[in-house]
Amino acid sequence: QVQLVESGGGLVQAGDSLRLSCAASIRTFSRYAMGWFRRAPGKEREFVASIHWSAYVTTYADSVKGRFTISRDNAKNTVYLQMTSLKPEDTAVYYCAASTIMVKNTAGWPYWGQGTQVTVSS
């Protein structure tokens, strides 16, 4: 059974930074690609960032490139999303996901957390 639990969300002002964490209960965590997605009010869930099981390869949505950094600690079964220079348009529920493949399509990710709310005020 796979369980993903996000934490670290909150209310911040534009320009602030925030770090999200996702603790994974996966027996073979180091063999999974991990991803972050988000769903803004009234919009579909969208890809934010992903990281290969080796941590050597990362991908980002154009909207967050240069501002967000995804990382992982395989010893702690945890993946992080460091968010800087936050904008009001980053306001969304952020979800952690796990997959054996690294794709941007949400359909390619079978395991999901419950999400954590990030609200950026202007």
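Heads up: numbering here begins at 1 and tracks the sequence. Every heavy atom of this structure was used, including side-chain atoms; hydrogens, water molecules and symmetry mates were not.
- The backbone N or O of E6 sits nowhere less than 3.5 Å from a side-chain atom of T116 that would complete a donor-acceptor pair.
- Of all heavy-atom pairs between A24 and L4, the closest is CB-CD2, 3.5 Å.
- Considering every non-hydrogen atom in both I26 and N77, the closest pair reads O-ND2, 3.2 Å.
- Screening residues 21-36 for side chain to side chain donor-acceptor pair (under 3.5 Å) gives no qualifying pairs among residues at least two apart or on separate chains.
- A salt bridge does not link D90 with K87: none of the charged nitrogens is closer than 4.0 Å to a carboxylate oxygen.
- For Y94, the side-chain hydrogen bond (donor to acceptor under 3.5 Å, both in side chains) partners at least two apart in sequence or on another chain are R38.
- Under the disulfide (SG to SG under 2.5 Å) criterion, the residue pairs touching residues 21-122 are C22-C96, with sequence neighbours excluded.
- Defined by atom type and a distance below 3.5 Å, a donor-acceptor pair is present between the side-chain atoms of T119 and Q117.
- Atom OG1 in T106 sits 5.5 Å away from atom CH2 in W112 (nearest 0.5 Å).
- A continuous path of Ile, Leu, Val, Met, Phe, Trp and Tyr side chains, each step under 4.5 Å between heavy atoms, connects Y111 with F29, placing both in one hydrophobic cluster.
- With hydrophobic clusters built from ILVMFWY side chains whose heavy atoms lie under 4.5 angstrom apart, L86 does not share a cluster with Y80.
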I'd like a table of donor-acceptor pairs (distance under 3.5 Å, sequence neighbours excluded) in which one partner is a side-chain atom from residues 48-56, with atom names and distances.
residue: S50; atom: OG; partner: T59; partner atom: OG1; Å: 2.4
residue: H52; atom: ND1; partner: S54; partner atom: N; Å: 3.1
residue: H52; atom: ND1; partner: S54; partner atom: OG; Å: 2.7
residue: S54; atom: OG; partner: Y56; partner atom: N; Å: 3.2

message: Pair V118, L20 - check side-chain contact (heavy atoms from CB on, under 4.5 Å), show working.
response: CA-CA 9 Å; V118 173; L20 305 183; 4.0 Å; yes

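- Taken together through direct or relayed side-chain contacts under 4.5 Å among Ile, Leu, Val, Met, Phe, Trp and Tyr, V93 and V120 form parts of separate hydrophobic clusters.
- Aromatic pair F37/Y95: centroids not less than 6.0 angstrom apart.
- Atom CZ of residue F68 and atom OG1 of residue T58 lie 14.0 Å apart, to the nearest 0.5 angstrom.
- Partners of K43 according to the salt bridge (charged side-chain N to carboxylate O under 4.0 Å, His left out) rule, which considers only residues two or more places apart in sequence or in another chain, do not exist here.
- In this structure, P110 and S99 have side chains that are in contact, with non-hydrogen atoms separated by less than 4.5 Å.
- For residues 25-83, no pair satisfies disulfide (SG to SG under 2.5 Å), with sequence neighbours left out.
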message: The test is side-chain contact (heavy atoms from CB on, under 4.5 Å); show your working for Q82 and S17 and say whether it passes.
response: CA-CA 7 Å; Q82 179 67 49; S17 298; 4.0 Å; yes

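- One N or O on the side chain of Y60 and one on the backbone of I70 form a donor-acceptor pair closer than 3.5 Å.
- Taking hydrophobic clusters as Ile, Leu, Val, Met, Phe, Trp and Tyr residues chained together by side-chain heavy-atom distances below 4.5 Å, M34 does not share a cluster with F47.
- Panel note: side chain D16, backbone S85; no donor-acceptor pair is recorded below 3.5 Å.
- With hydrogens and angles disregarded, a donor-acceptor distance shorter than 3.5 Å links the side chain of T78 to the backbone of K76.
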